[in-house]
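Whatever order the structure lists them in is the order used to number ligands and atoms, beginning at 1.
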Amino acid sequence: MSRGTCSLCGQEFAKNAMTRHLEKCRAETTAKETARKGGGPPTKFFHLIIEGRDLPEYWLHLDARADATLADLDDLLRRLWLECCGHLSAFNVGRDRYRWEPPGGFDDDENDFFDGLDEMFGMPQERTMDVTLADVLPPGTAFTYEYDFGSTTELKGRVLSEHEEPTRGKNISVLARNTPPPIPCDECGAPADWVGPVDEEDWEPRALCEACIEKHGYDMEMLLPVVNSPRVGVCAYTGEAAG
Ligand SMILES: [Zn+2]
Ligand SMILES: [Zn+2]
Ligand SMILES: [Zn+2]
């Protein structure tokens with residue numbers, strides 16, 4: 001069973017025990033902070049869980065203000081898990097699709113192009129991510145997310161519940177995150193440090209430790225660092241934007 005760490009108390013729990021722990025831990029932490037610093041006016045927050053669609057050992061619990069936008073959520077996912085080359089991304093909620101836009105938006109030609117695609121594929125009209133979680137992701141709502149429409153990293157998520165907390169600075173904060181799952185070296189079974197395709201034809205990720213890379217003289221240029229993200233080993237993802 002995948003494990004992860006609660007950001008509030010620093011303790012480790014199994015993935016399937018984290019939701020219950022967080023409900024208790026979050027309430028206790030909020031009460032303590034309010035007693036110490038006093039609280040701002042109460043604000044509505046949503047508790048979200050997000051994981052890799054095909055790699056559920058990568059997961060996050062998030063605490064997001066109900067008035068945070070999908071763009072804010074996209075921003076956090078890119079920073080923590082995904083950003084490599086500024087690829088496009090989109091959220092899917094039921095039949096609705098919300099797509100990423102560059103700062104300042106796409107120009108009219110680009111918008112016409114996307115609208116044309118929607119029409120051609122019989123897709124529902126896409127909207128931008130400038131919508132609030134309260135509007136499109138009420139508690140109980142499931143959603144999916146794609147980053148990069150070429151070498152796509154797919155995520156799935158759900159809004160578990162809502163609660164009120166005194167207002168604080170951050171729009172969205174990480175409540176808990178998975179412990180890095182072990183990726184064994186293909187050659188010796190020790191924890192791998194690098195993953196990557198063996199050659200351009202064979203696009204299967206291959207995991208290697210430093211010692212085996214040195215021993216066999218593998219070309220480092222083709223390899224990507226092992227990072228705690230469902231995008232590990234994909235495209236040019238190095239985790240450097242993580243913060
Ligand atoms: Zn905790
Ligand atoms: Zn990329
Ligand atoms: Zn090795």
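- Between the SG atom of Cys185 and the SG atom of Cys188, the angle centred on the Zn ion (ligand 3) amounts to 110° when rounded to 10°.
- When the options Thr144, Leu77, Leu80 are evaluated for a side-chain contact (heavy atoms from CB on, under 4.5 Å) with Ile50, the one that passes is Leu77.
- In plain terms, the two heavy atoms of Phe143 and Leu137 that are nearest each other are CD2-CD2, 3.7 Å.
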query: Going through the checks in order, is the side-chain hydrogen bond (donor to acceptor under 3.5 Å, both in side chains) test met by Glu51 and Asn178?
result: CA-CA 10 Å; Glu51 62 184 37; Asn178 68 280; over 6 Å; no

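- An angle of 110° is found at the Zn ion (ligand 1) between His21 atom NE2 and Cys6 atom SG, rounded to 10°.
- Counting heavy-atom neighbours within 6.0 Å of Asp130 CG, excluding the residue itself, gives a total of 12 or less.
- Around the Zn ion (ligand 2), the protein atoms of type N, O or S found under 2.8 Å away are Cys84 SG, Cys85 SG, His87 NE2, Cys235 SG, listed by chain and number.
- The two residues Pro184 and Ala207 have their closest heavy-atom pair at O-CB, 3.4 Å.
- Using a 4.0 Å cut-off between a side-chain N of Lys or Arg and a carboxylate O of Asp or Glu, Asp148 and Arg231 qualify as a salt bridge.
- A pairwise comparison of heavy atoms in His163 and Phe46 identifies CE1-C, 4.4 Å as the closest pair.
- Draw a line from the Zn ion (ligand 1) to SG of Cys25 and another to SG of Cys9, and the angle between them is 110° (to 10°).
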